[in-house]
Structures are given as structure tokens and as C-alpha cells.
Amino acid sequence: MGEKYGPLTWLTIPGQTVLVINAFEAAKELLEKRALIYVDRPRFAMADELLAADEGLGNYLPISPYNDSYKKQRVHLKHALSASVVRNNYSSLLETKARQYLERCAARPENILPETTRIIGEAIILLTYGKLVDERGRDYIQLTTRLLDIMIFSLQGYVVDIFPVGEQAISPAGYVPSNQLFPPT
């Protein structure tokens, strides 16, 4: 494609404009030197609705737009996940979780995959929030699992994501209010 259309090619798909970079030099120039202009993610209108912004899930870092909130979260993550911070602050937690993992797998070897998922989730949640339940007593692992299920479902593609004008016509019949997705306990 690069030989035919050159190092940079714009594709316009209904609702989206995509820049295709066909050369390393062009990629380096745009993504290193001019990253702030081009860094962002596509907006998924249906996912935004399903992820219930009033629950704070619309700012979930992997799908949040590149804005001030995103930049602040990235700064905190960069510091929190640096090698020295991990070594000095998280080693005892990681050792505890590794011991718990081995104990759980020894007790129930048939559950090794779910235990792996659970223990990694617990470590991440404890590193992130310092506790496994929120202020309402809801299990963060279950909330995150539900959020991922919703994300997978909502990112499969909807007409409103292709034709943004359709956002105005999202049918209430298919809409699930956020309080039903994450009901108070």
C-alpha cells in the first residue's frame, strides 16, 4: 500500500478517519515528535453508554480519551509501576499473593486457571486501591470482571459507533441503566 499511496494514507470510514503509516521514518516523526497531535482512541458511543459514566467507569484508562485526566493517570501509573517502587513498596504483597496462590492451587489443583486469574486480579486491585472491596462492600474483582464482560460486548460494534449521528437515536429498549449493571449491595 505504501508504494501506491505513499508513506501516509488517510482512510475515511463512516464515522472514523484513520491515518495509515506506511514508513518507519514517518511513524517515528509522527509518533515520537508529534505524539500529542495524534495520540487518542476511537470513541465508542455504545460502550460509553454501557460503561455508565455516572459510575466512574467511562474514565476507565484503557478506553478513555486522551485528555487531562488520562495524562494524570498515566503519570501516576508510570511512577507507581517503576522498578524501584515495585521493589521497595510491593514486594511483600507480591510474596504474600504468591504464597496464597501456591496454597490455593495445592488445595484445589482443578481450579488452577480461575485461581491464577483471581490472584493476579487481587494483587492488581490491592496495589491500585489497597483493599478488595469498595466503600459499598462490592468486590472489586467481580466489578472488574463485569466491566470487562460489558466492554467485550459493547466493543463488538454498533451502528452508532460507525455513524455517530446515530447516538441521538439509541433505543431505550436496548439501554440498561448503570444502576442495573452495578446495583448497590
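Since the model is a prediction, treat every value here as computed from it, not as a measurement. Note that the numbering runs from 1 along the sequence shown for the chain. Just so you know, these numbers use all the heavy atoms, side chains as well, and skip hydrogens, waters and symmetry mates.
- Judged purely by atom type and a 3.5 angstrom limit, D134 uses its side chain to pair as donor or acceptor with the backbone of G137.
- No side-chain heavy atom of Y140 sits less than 4.5 Å from a side-chain heavy atom of L126.
- Taking NE2 of H76 as the reference point, atom OG1 of T128 lies at 13.0 Å (rounded to 0.5 Å).
- The line from CD of Q73 to NZ of K78 is 16.0 Å long, rounded to the nearest 0.5 Å.
- The two residues A123 and L93 come nearest to each other via the heavy atoms O-CD2, 4.0 Å.
- Under a hydrophobic clustering in which Ile, Leu, Val, Met, Phe, Trp and Tyr are joined whenever their side-chain heavy atoms come within less than 4.5 Å, directly or via other members, L94 and I120 fall into different clusters.
- Looking at heavy atoms from C-beta onward, L8 lies out of side-chain contact with V20 at the 4.5 angstrom threshold.
- Atom OG of S84 sits about 7.5 Å away from atom NE2 of H79, to the nearest 0.5 Å.
- D139 contributes no side-chain N or O that, together with a main-chain N or O of V133, makes up a donor-acceptor pair within less than 3.5 Å.
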Report the C-alpha distance between D149 and R146 in whole Å, list the side-chain angles of each, state the deciding distance to 0.1 Å, and finish with yes or no for salt bridge (Lys or Arg N to Asp or Glu O under 4.0 Å). CA-CA 5 Å; D149 290 343; R146 180 71 176 130; 5.1 Å; no
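- Closest of all the heavy-atom pairs between I21 and A27 is CG2-N, 3.4 Å.
- Residue K131 comes nearest to I125 through the heavy atom pair O-CG2, 3.2 Å, listed as atom of the first residue, atom of the second, then distance.
- Between V85 and A80 the shortest heavy-atom distance is CG1-O, 3.5 Å.
- By the rule that hydrophobic residues join a cluster once side-chain heavy atoms approach within less than 4.5 Å of another member, Y90 and I119 end up as members of separate clusters.
- Counting only distance, with no hydrogens or angles, the side chain of S91 and the backbone of N88 share no donor-acceptor pair below 3.5 Å.
- In terms of hydrophobic clustering, with Ile, Leu, Val, Met, Phe, Trp and Tyr side chains grouped at heavy-atom distances under 4.5 Å, I124 and L132 are assigned to different clusters.
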Check against salt bridge (Lys or Arg N to Asp or Glu O under 4.0 Å), R118 and E122: CA-CA 6 Å; R118 178 76 193 189; E122 286 179 3; 2.9 Å; yes
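- The structure places CG of L77 at 14.5 Å from NZ of K72, a figure rounded to the nearest 0.5 Å.
- Atom NZ of K97 is separated from atom OG of S92 by 11.5 Å, given to the nearest 0.5 angstrom.
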